[in-house]
Amino acid sequence: MTDQPTAPYILVGVDGSAAALRAVTWAADEANSRGLPLAIASVADISSFSYGPYLGGSESAFEAIEESTESALTDAKKLVAQRYPAMSPSVIEKAGSPAAALIELSSDAYLTVVGATGLGGFSSVLLGTVALALVTNGHSPVAVIRGDGENADIGRTGPVVLGVDDSKGSDGVIGWAFDEASRRRTTLTAVHAWTDYPTGSAQAYAMSAGVDYHSQSEEQRALLSERLAGWQEKYPDVRVRKVVVAGNATDTLLHHAGDAQLVVVGSRGHGDVTGVLFGSVSRTLIHHAPCPVLVARNHTA
């Protein structure tokens, strides 16, 4: 059942779960919006599979896994056909480690999309082995489709929320957020949480020691405006709301994600050190955000 997709493509991983089908819907919308091919991949997870002393039973289990993989692909194709009858997605069936397979396929992907929970609802297992692996080692931006309940409205009507840090590589992340807001015809909330003090008591101590938070806040607000200026010129149709706070980045973004249709963050933190600041922010968001989260790298639209 495996096709050869035309690169670059929107890649979505499926496993037969309701969350995966929500990811298919989101990915199909993205492919339609961008005029890109859609590739649907399902990986028979045999990474820990081995033949035991009862070979007949092992063979039967292997066949069941293959059938489940094919069924996941069939259901995903039906969903796409209902939503976009003219769209002809490629289907990719593999066996092995789902994380490793999707990481390999992401090398030719414009964007990789996965659901937030896997078959049976074992979210921590799926995110630990697939979504987090893609965010850490994948070759494309990754969208993790979150939302409460099996019938969650992943379209929503709220703003796109952007997390802006001060790393050199975040300019491309800003571009992704502007482009998504423009395509969705919605506003952009740009959030910059600048303080290095993780707790309120630490901030209070710093203020008592003479730290001028007002001046620092104005400097950070000017920095944010400077970072956004070029993209605002490129996307004049996008209305921007700027939020500059002396607080925790994760908590601030989760707060503003409450009515958002998408949160866009980077995968690198201060000093472009992978996994230090925005690594922890992105990890928390893909576990707890109430809406889809796009962990972006470079913007090429």
Side-chain angles (χ1 to χ4, degrees), residues 1-6 9-32 36-52 54-106 108-109 111-131 133-134 138 142-154 292:
M1 190 185 286
T2 296
D3 301 328
Q4 183 61 44
T6 301
Y9 45 75
I10 303 295
L11 172 67
V12 58
V14 298
D15 63 359
S17 65
L21 290 178
R22 291 199 298 273
V24 170
T25 298
W26 197 95
D29 289 348
E30 195 76 9
N32 181 69
L36 290 174
L38 176 66
I40 306 171
S42 186
V43 184
D45 188 359
I46 59 170
S47 56
S48 60
F49 185 89
S50 62
Y51 287 96
Y54 180 43
L55 298 181
S58 297
E59 194 171 316
S60 176
F62 185 80
E63 290 175 355
I65 293 173
E66 285 189 319
E67 290 177 4
S68 177
T69 301
E70 292 176 1
S71 176
L73 289 170
T74 299
D75 291 345
K77 285 187 67 177
K78 287 181 179 178
L79 182 61
V80 173
Q82 293 170 0
R83 196 170 184 87
Y84 298 106
M87 187 177 289
S88 299
S90 301
V91 293
I92 303 168
E93 184 177 1
K94 286 182 171 288
S97 163
L102 289 175
I103 287 171
E104 179 184 357
L105 290 169
S106 74
D108 290 323
L111 175 67
T112 301
V113 184
V114 290
T117 56
L119 200 58
F122 296 108
S123 59
S124 61
V125 175
L126 178 72
L127 285 172
T129 59
V130 179
L134 282 165
V142 178
V144 180
I145 309 309
R146 292 196 53 80
D148 296 329
E150 293 189 0
N151 297 315
D153 180 6
I154 61 172

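Worth saying up front: this structure is predicted, and the values here are computed from it rather than measured. Numbers here are sequence positions counted from 1.
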query: So which heavy atom on Ala72 is nearest to which on Gly16, and how close?
result: CB-N, 3.4 Å
- prompt: Run the side chain to side chain contact (heavy atoms under 4.5 Å, CB included) check on Arg83 and Asp29 step by step: do they pass?
  reply: CA-CA 9 Å; Arg83 196 170 184 87; Asp29 289 348; 2.7 Å; yes
statement: On a heavy-atom basis, the closest approach of Ala39 and Ile92 is CB-CD1, 4.2 Å
- request: Not counting sequence neighbours, which residues clear salt bridge (charged side-chain N to carboxylate O under 4.0 Å, His left out) with Asp75? List them please.
  value: none
message: Under the rule for side-chain contact (heavy atoms from CB on, under 4.5 Å), what residues qualify as partners of Ala20, not counting sequence neighbours?
response: Val14, Asp15, Ser17
message: Determine whether a donor-acceptor pair (N or O, by modelled atom type, separation under 3.5 Å) exists between the side chain of Ser106 and the backbone of Ile103.
response: yes
- line: Value for OG (Ser90) from CG (Leu38), rounded to nearest 0.5 Å, stands at 8.0 Å
- prompt: What is the minimum heavy-atom distance between Asp3 and Pro89, and which atoms define it?
  reply: OD2-O, 4.2 Å
- line: Rounding to 0.5 Å, atoms CE (Met87) and NZ (Lys77) come to a distance of 13.5 Å
- line: The side-chain contact (heavy atoms from CB on, under 4.5 Å) partners of Pro37 (sequence neighbours excluded) come to Thr6, Tyr9
Where Ala23 and Gly115 come nearest, the two heavy atoms and their spacing: CB-N, 3.7 Å
- prompt: Do side-chain atoms of Thr112 reach the backbone of Val142 as a donor and acceptor pair under 3.5 angstrom?
  reply: no
query: Between Leu73, Val12, Thr74, which is the residue that forms a side-chain contact (heavy atoms from CB on, under 4.5 Å) with Ser42?
result: Leu73
- line: Between Val144 and Ala131, the two heavy atoms sitting closest are CG2-CB, 4.0 Å
field: For Val43, side-chain contact (heavy atoms from CB on, under 4.5 Å) partners two or more places apart
entry: Lys94, Pro98, Ala101
field: Minimum heavy-atom distance between Glu30 and Leu111, given as atom pair plus value
entry: CG-CD2, 3.8 Å
